[in-house]
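Worksheet: the structure to be examined is printed underneath.
Counting convention: from 1, in listed order, for ligands and their atoms alike.
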Amino acid sequence: MSSTIIVSNRLPINISIEQDKIIYQQSIGGLATGLKSFHEDENSLWVGWNGLNTEEVPEALEKTITDELKTKYNCAPVLLTQDDIENYYLGFCNKTIWPLFHYFQNTTVFDPHLWESYKLVNQKFYNTLIKLIKKGDTVWIHDYQLFLLPQLLREYDSTLTIGFFLHIPFPSYELFRQLPWREEILWGLTGSDLIGFHTFDYARHFISSIRRILSLDAKGQNFFYKDRTILVDVFPMGIDYDKFSTAINNKDIQHANIEYAVKTRGNQVVLSVDRLDYTKGIPERLKAVDLFYTNNPNYLEKVTFIMIVAPSRADVDTYMSLLKEIEELVSHTNGKHGTIGWTPIMFFYKPFPFSELVSLYNLADVLLVTPLRDGMNLVAKEYIASRPDKLGTLILSETAGAASELGEALIVNPNDLEMISQQLKVALEMPKREQIERNTILHKRLKRYNIFFWASEFMRKLQSIHLRHTTIKSILLANKEESKFLSDYKKASKRLLFFDYDGTLVQFNNSPLKAVPDAELKQYLTHLSTDPKNCLSVVSGRQKDFLEEHFGPYNVNLIANHGLSFKEPNKDWIETEIVHNEWQSEIRPIMQLFTDNTPGSFIEEKTFSLAWHYRRCDPDLSSLRLNELRETLLDLTGTMNLSIMDGNKVLEIKDSSVNKGKGIQPLLIKNSSVDFVMAIGDDHTDEDMFQILDETDYSIKIGTGKTSAKFHLPDAASFRSLLGKMIK
Ligand code: GDG
């Protein structure tokens, strides 16, 4: 039976060893809390680091821990050394990716040594996983610690279903590009079938980096790599709504509530709950609270602020200096505004048990959540869900992912202390009726889009995109199919071979007009064209002169201008159709206008067509211009016998009576008795060739996407390697 494997840096269980006794505790943190319910419900296997370093655990104990993790918690550990923890976890993850992705570029460390450790640990996760996964399994990888894992697993088994979810923000391209290892990280993610983010902005930033850094094509939420389409989508993570909304029925929680009310003297209570982290905006929040008391002396002794900070990443220096700064700010405000009987800020640097946390959610009149950046922020959702009375006001930072979902909260700029202080007053004075109105809407949303819905939506999309990959009609020309192709080729006594040029015989580079045959290709062509069994043709949209310059010396047929011009070896060019190109004078000025407005684009003039190339342009601008140009041309050419073709980073307009299918037809007729026919190409213009071939012929598309070809190859490099095998 196939199963689901969750992979994250940490297991949802914290393990500590005290005097040879093993203590298991539920981890705190968004990912662990959020996914725990899904894990228990689905009976999935969870793979991650167990929180210990291999040096401090005797081997016998290691085995006991591994066994107990499996039997009691359905977890399998990845073992890390002290060195891994220092350089991968505390190093690259927490000193490089975490600050950069949360827009703290000034404190981001770029150290190749840490990057090496990151690669090594991703490999360790891979080594653990391949011992556990079975054919047909689904692997769901979580978060920024494991960016390289999807591609490692894809190379191990191309049929695996692989999903990736990022729990933190994905920064804008301008920020992400600062990372020296940006390409490796993006390539690592391309092994996934589905990549999920909390918000549309993060997904948009990611696609922009994919297009600009890897130069991969993207359409809407899909991008294309080799023979696969990878879906990028938005899944705002929910919480276990029922667990929080019913928790107050618990007697302990009700008692704790009464006790807390006495301790806060019946004052109005403002609460905040965070892990210790500089992204959470804790010092700024404390300054805003201080400002609130200064600006509103009538609230002194009437409002108490409870701040819970759960210890986190205590081994990273910046976190300890942050704690010191927080403690100083707390004592400053308490010293300045406090009285003998009243402490303005009750500060706790420790984790609270779930029951006490829910009591505090129920006690608080206001929850103040002001991170400078936050992927989502689950605390905001938990607060609302914990209040069946639908009372309480949420103040939420606009830079938390949750803000895009919880619009009924009071939204603030976390750097605007005056604004936070004002909104605190608004929140404390908000009439109950308005609180209930706002929170009723929020409850509905949180109840529906809960953690189970979130996980099942992700899984549903993941399975459907994976199914799409396995049901692509054209067959990958690999393994068995490739062997059959090579054996048919070798057996044949007469063969017709049609090769497209750009993107097929040569790879695209940034300047398509400069792509010329390299030494290896020349060697292969010499071999193929001197084999008396072969009749080889290069079929291209290029002009006659170009093909003649590069292929003239070989014994090959040249079919230029998309099939319009034909030349056999040692003969003259002939035109296969009579075409008119008066239309060009009308279309050229329009194309020129678009060229002027799109830096990097240029027009290629051909005998019977005009091509607008945009490979070197800004991808966002060119996609905008491309749509405009296509629509303008469609309007203009409605009554003319012209067709507009989307090629690989080129839009070409040409006479409709010319196409590559028509171009190769005379050769197919003349050689009707051959026993091997093959046509290969990478874009839309090659489809006319594929369609004219018989069912038993080899039509091969390079790349993914809709095609009438019977077979496909991932990229031009795979065709090059196939050519190498053909001449052996
Ligand atoms: C990352 C992203 C994203 C906190 N203190 C206590 C406690 N907690 C629990 C909360 C909540 C979780 O920890 C914190 O989740 P957040 O979402 O607020 O933040 P991160 O830990 O930074 O999580 C974040 C999340 O992943 C999910 O994708 O939302 O943006 O940074 O569940 O309740 N729980 C208990 N005592 C505490 O003192 N019991």
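For H198, a nitrogen or oxygen atom sits less than 3.5 Å from a nitrogen or oxygen atom of ligand 1, counting backbone and side chain alike. Any N or O atom pair closer than 3.5 Å counts here, and D274 shares no such pair with ligand 1. Checking only distances, V273 never comes within under 3.5 Å of ligand 1, N or O to N or O. Taking distance alone, with nitrogen or oxygen atoms compared against 3.5 Å, L357 stays at or beyond that limit from ligand 1. An N or O contact shorter than 3.5 Å is missing between H102 and ligand 1 by distance.
Residue contacts with ligand 1 leave out F244, since none of its heavy atoms falls under 4.0 Å from the ligand.
Side-chain contact, Y241 with H443: a donor N or O sits under 3.5 Å from an acceptor N or O.
In this structure, K425 places its NZ atom where only 12 or fewer heavy-atom neighbours from other residues, nucleotides or ligands lie under 6.0 Å away. Y349 OH: more than 12 foreign heavy atoms inside a 6.0 Å radius.
Which of F352, Y361, W454 comes nearest to atom 38 (O) of ligand 1 through a heavy atom is settled by distance: it is F352. Residue nearest to atom 19 (O) of ligand 1, selected from M376, K350, K280: K280 (by heavy-atom distance).
The aromatic rings of H39 and W46 lie perpendicular to each other, with more than 60° between the two planes, well past the 30° mark.
If you number the atoms of ligand 1 from 1 as listed, the ones under 4.0 Å from a heavy atom of M237 come out as 27 (C), 28 (O). For ligand 1, the atoms lying closer than 4.0 Å to a non-hydrogen atom of W98 are 31 (O). The atoms of ligand 1 that sit less than 4.0 Å from any heavy atom of A310 are 5 (N). Ligand-side atoms of ligand 1 in range of G375: 30 (O), range being under 4.0 angstrom from any heavy atom. Within ligand 1, the atoms closer than 4.0 Å to a non-hydrogen atom of R275 are 20 (P), 21 (O), 22 (O), numbered from 1 in the order shown.
Ion pairing between D201 and R204 holds under the 4.0 Å rule for side-chain N and carboxylate O. Checked for salt-bridge contact, R460 and E457 meet the test: a charged N lies under 4.0 Å from a carboxylate O. The pair D143-R10 fails the salt-bridge criterion, with no side-chain N (NZ, NE, NH1 or NH2) lying under 4.0 Å from an Asp/Glu carboxylate O.
Contacts between Q26 and ligand 1 below 4.0 angstrom, taking non-hydrogen atoms only, are absent altogether. Contacts with ligand 1 closer than 4.0 Å are made by heavy atoms of both the backbone and the side chain of H167. Of the heavy atoms in D277, none comes closer than 4.0 Å to ligand 1.
Paired with Y361 under the rule side-chain hydrogen bond (donor to acceptor under 3.5 Å, both in side chains), one option of R387, E382, E356 passes, and it is E382. Just one of K444, R438, R445 meets the salt bridge (Lys or Arg N to Asp or Glu O under 4.0 Å) condition when paired with E408; it is R445.
Formation of a donor-acceptor pair under 3.5 Å by the R373 side chain with backbone atoms of P99 is not found in this model.
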